[in-house]
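Data first, discussion second: the structure below is written as structure tokens.
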Number of protein chains: 2
Amino acid sequence: MPPSSSESRAPGAAFLLTQLGTQAARRFAERIEPLGITPPHAGILRLVAMIPDCSQQKLATRLGILPSRMVVLIDEMAGQGLLDRRRSATDRRNYEIVLTDKGAETLANMQRAAAAHDTDFLTPLTPEEQQTLKSLCEKLAAHHGLAQGVHPGYKHL
Amino acid sequence: MPPSSSESRAPGAAFLLTQLGTQAARRFAERIEPLGITPPHAGILRLVAMIPDCSQQKLATRLGILPSRMVVLIDEMAGQGLLDRRRSATDRRNYEIVLTDKGAETLANMQRAAAAHDTDFLTPLTPEEQQTLKSLCEKLAAHHGLAQGVHPGYKHL
DNA sequence: TTCAAATCATTCTATATATGAATGATTCAT
DNA sequence: ATGAATCATTCATATATAGAATGATTTGAA
């Protein structure tokens, strides 16, 4: 039987992951805030760079965001000059979202911020421990069907 | 220099932690949903059991929730019969929040759900790997100043 | 060819939550 | 005894999100 002498409940690994994940997400949000973007913006930026001339619908389904919310997010980013809406020549129902020069620059800054965030967050661990943690997390993520590079924190709860 | 041949960006460990943490939080929320409670309720339940006769103010500051929101949460839980407001005899400004029998029962069910959640979420890993992951997470959590058993996901962002 | 169904972006409405100020009762310190 | 502080509460406001409804366009079948 588990040791529960009085009321001292040692949290399990899943709870620790929740704590750490929330903390990591918050710190990343703080890192990119000076760039004028939020985590959803960052996800869009990455995806638009990976899939050029992508419709809003595809972005929405890939990121798990509702189309109606995507409209607002794209509005914001277009207003900042990070990307442009371009009517598709073949299907005039949808847009092709394209990165501007400023958008590409912001993406590069965002990736630098992500790298620095990663380094800082894992700094309490030795390089060997960092590698071990990463391997274990990759194994877990694979088994839980998490999409490469897209975190499920954009939709519902 | 890091290998970035084309556009394939391998996510760092911090990003993996964000993904896993979000996923773990969501699954836990689904687990306790049949009990009629949400994650904030679960946090309150745990804390009230650990600190009996606790004021709403203490709960709010410990959990990082605004007092005005705490009122609503306690209202909901009292409405479900999980806890009672009892005027403090020594200081009639504040309440002492006490668990009811049903509240204690729900807490026990919640802890069972948490244990099952932990087992299921980590099932892709061997027992040794699970222990390693837990140790590394504990080390990280300690260095990042995370409170025992209280995750920072209840406030702002 | 034509017409119904599907698709994309958008707008609108409703709900939940975050935030902070203000209120009233009570206690504390001088 | 009086003013400051504390606790629970209410209020007003802002923001995020879900989901339904709309209009333009394309697609597919009769």
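Letters go in sequence order (proteins before strands), and every chain restarts at 1.
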Under 4.0 Å protein heavy-atom contacts per nucleotide of nucleotides 1-9 of chain C, with B for base, S for backbone only and - for none: ------BSS
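In summary, the aromatic rings of B:Phe15 and A:His117 are positioned with their centroids too far apart to meet the 6.0 Å limit.
In this structure, B:Pro127 and B:Gln131 have side chains that are not in contact, with every pair of non-hydrogen atoms separated by 4.5 Å or more. Side-chain atoms of B:Leu45 and B:Met77, non-hydrogen and from C-beta on, do get closer than 4.5 Å to each other.
One atom, CE of B:Met70, and another, C1' of C:dG20, lie 17 Å apart when rounded to the nearest Å. Separating the CZ atom of B:Arg92 from the P atom of C:dC28 is a distance of 11 Å, rounded to the nearest angstrom.
Legend: residues meeting side-chain contact (heavy atoms from CB on, under 4.5 Å) with A:Glu76, ordered by chain and number and at least two apart, are A:His41, A:Val72, A:Leu73.
Out of D:dA18, D:dC11, C:dT27, the shortest distance to the side chain of A:Leu66 is found at D:dA18.
Taking the charged nitrogens against the carboxylate oxygens, B:Asp120 and B:Arg27 have no contact shorter than 4.0 Å, which rules out a salt bridge. Between B:Asp118 and B:Lys134 there is no salt bridge, since no side-chain N of the basic residue sits under 4.0 Å from a carboxylate O of the acidic one.
More than 12 heavy atoms of other residues, nucleotides or ligands shown are found within 6.0 angstrom of NZ on B:Lys139. By the 6.0 Å contact criterion, CZ on B:Arg86 is open, its count of non-hydrogen atoms from other residues, nucleotides or ligands being 12 or less.
For the contact set between residues 74-84 of chain A and DNA chain C, defined by any heavy atom under 4.0 Å, there are no members.
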